[in-house]
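Sequence positions, counted from 1, serve as the residue numbers for this chain.
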Amino acid sequence: MLRAWAEVVATARRTVAQGLVVGTSGNVSARVGDTVLVTPSAVPYERLGPELLTGVGLDGRQTVGEAVPTSELPMHLAVYRSTGAAAVVHTHAVHATAVSTLVDELPLIHYMAGALGGPVRVAGYALYGSQELAGEVLTALRDRTGCLLRNHGTLTYGGTLSQALDRTAQLEWMCQVWLAASGVPGRTPTLLSPAQLDRATAKLRGYGLPEPAAEPAPADPVPQAADPGPGATPPAADTTP
């Protein structure tokens, strides 16, 4: 479990290094059996070490460590309960957050949308850390492995932490490309057709080294509320939602 925690910490630090989060915004988790290791609330990633190992069960009960889990725990748990995810990455990436305020779905500006299952949807706005937000995310993730969160950021998942983080980076890059192209005065970006995306998606399946598969969210998922149980410490709000 310590090795898995080290990977969670390393991934969280990579989100900072890649400019996907600022301060303690965003969060990272990985599933190890029936335990979800998750970054704690309001702790700078450079301070994370073995002594801050934090884990919860799929029911939301804290089973490992004493640090308060991220306030976005309901969103992470909803994804694990509804998909085959082994890792989840949530960020406040600049371009992706900007796009989330402009459209309901990221226009098909590039074929890498196929790496996330198709056109990337924008989850409806809800208060951070709420069950309502978890439900909006599951709706946006239907048949996808990533989505934008309205006026908030991104969420992606994968079969490994590296896969989940790469999907976040690809999503942020596509948002940056669309913003750059759509901002040229007097010009309208060309977009891919669904058929063109389908062909690219099929080709992407044989690209690179194989990764453990994480199944997309099923159609019409229903969010489940976590029961913290008697005596459990409720998650505290992050300092930078």
Subject >> Rounded distance (nearest 0.5 Å) linking atom CG of Leu171 with atom CZ of Arg144 >> reply: 12.0 Å
Subject >> Nearest-0.5 Å distance, OG1 of residue Thr15 to CG of residue Asn27 >> reply: 9.0 Å
Taking the side chain as every heavy atom from C-beta outward, state whether [X] and [Y] have any pair of such atoms under 4.5 Å apart.
{"X": "Arg14", "Y": "Leu165", "value": "yes"}
{"X": "Leu20", "Y": "Val16", "value": "no"}
{"X": "Leu155", "Y": "Val79", "value": "yes"}
{"X": "Lys203", "Y": "Arg199", "value": "no"}
{"X": "Val28", "Y": "Val38", "value": "no"}
{"X": "Trp178", "Y": "Leu102", "value": "yes"}
{"X": "Leu161", "Y": "Val8", "value": "yes"}
{"X": "Leu133", "Y": "Glu72", "value": "yes"}

Subject >> Where at least one partner belongs to residues 181-195, residue pairs that pass side chain to side chain donor-acceptor pair (under 3.5 Å), sequence neighbours excluded >> reply: Ser193-Gln196
Can you give me every donor-acceptor pair (side chain of residues 42-51, partner residue at least two apart or in another chain, under 3.5 Å) with its distance?
{"residue": "Tyr45", "atom": "OH", "partner": "Ser25", "partner atom": "O", "Å": "3.4"}
{"residue": "Tyr45", "atom": "OH", "partner": "Gly26", "partner atom": "O", "Å": "2.8"}

Which atom pair, heavy atoms only, marks the closest approach of [X] to [Y]?
{"X": "Ser29", "Y": "Tyr80", "value": "OG-OH, 2.7 Å"}
{"X": "Arg167", "Y": "Gly158", "value": "NH1-CA, 3.5 Å"}
{"X": "Thr97", "Y": "Gly153", "value": "OG1-CA, 3.5 Å"}

Original post:
Can a donor-acceptor pair be found between the side chains of Thr154 and Thr91 at a distance below 3.5 Å?
Top reply: yes
**OP:** Go through the side-chain N and O atoms of Thr39 and Thr70 and say whether any donor and acceptor fall under 3.5 Å apart.
**Re:** no
Given 3.5 Å as the limit, does a donor-acceptor pair link the side chain of [X] with the main chain of [Y], or not?
{"X": "Thr168", "Y": "Ala164", "result": "yes"}
{"X": "Gln163", "Y": "Gly159", "result": "yes"}
{"X": "Glu136", "Y": "Thr139", "result": "no"}
{"X": "Gln62", "Y": "Val56", "result": "no"}

Original post:
In terms of hydrophobic clustering (I, L, V, M, F, W, Y; side-chain heavy atoms under 4.5 Å; direct or indirect links), are Leu73 and Met1 co-clustered?
Top reply: no
**OP:** Consider only side-chain heavy atoms of I, L, V, M, F, W and Y, link residues closer than 4.5 Å, and tell whether Leu197 and Leu148 are in one cluster.
**Re:** yes
Determine all donor-acceptor pairs shorter than 3.5 Å in which one atom belongs to a side chain in residues 103-124; sequence neighbours excluded.
{"residue": "Asp104", "atom": "OD1", "partner": "Arg150", "partner atom": "NH2", "Å": "2.6"}
{"residue": "His110", "atom": "ND1", "partner": "Met112", "partner atom": "N", "Å": "3.1"}
{"residue": "Arg121", "atom": "NH1", "partner": "Ala140", "partner atom": "O", "Å": "2.9"}
{"residue": "Arg121", "atom": "NH1", "partner": "Arg142", "partner atom": "O", "Å": "2.6"}
{"residue": "Arg121", "atom": "NH2", "partner": "Arg142", "partner atom": "O", "Å": "3.3"}

**OP:** Not counting sequence neighbours, which residues clear ring-ring contact (aromatic ring centres under 6.0 Å, His included) with His90? List them please.
**Re:** His92, His152
**OP:** Evaluate the side-chain contact (heavy atoms from CB on, under 4.5 Å) criterion for residues Thr54 and Val64: first the C-alpha distance (whole Å), next the side-chain angles of each, then the deciding distance (0.1 Å), finally the verdict.
**Re:** CA-CA 5 Å; Thr54 307; Val64 181; over 6 Å; no
Subject >> Residue list, salt bridge (charged side-chain N to carboxylate O under 4.0 Å, His left out) with Asp34, at least two apart or on another chain >> reply: Arg31
Original post:
Does the pair Val32 and Trp5 meet the rule for a side-chain contact (heavy atoms from CB on, under 4.5 Å), with working shown?
Top reply: CA-CA 10 Å; Val32 181; Trp5 175 247; over 6 Å; no
Subject >> Asn151: side chain to side chain contact (heavy atoms under 4.5 Å, CB included) partners, not counting sequence neighbours >> reply: Thr101, Tyr125
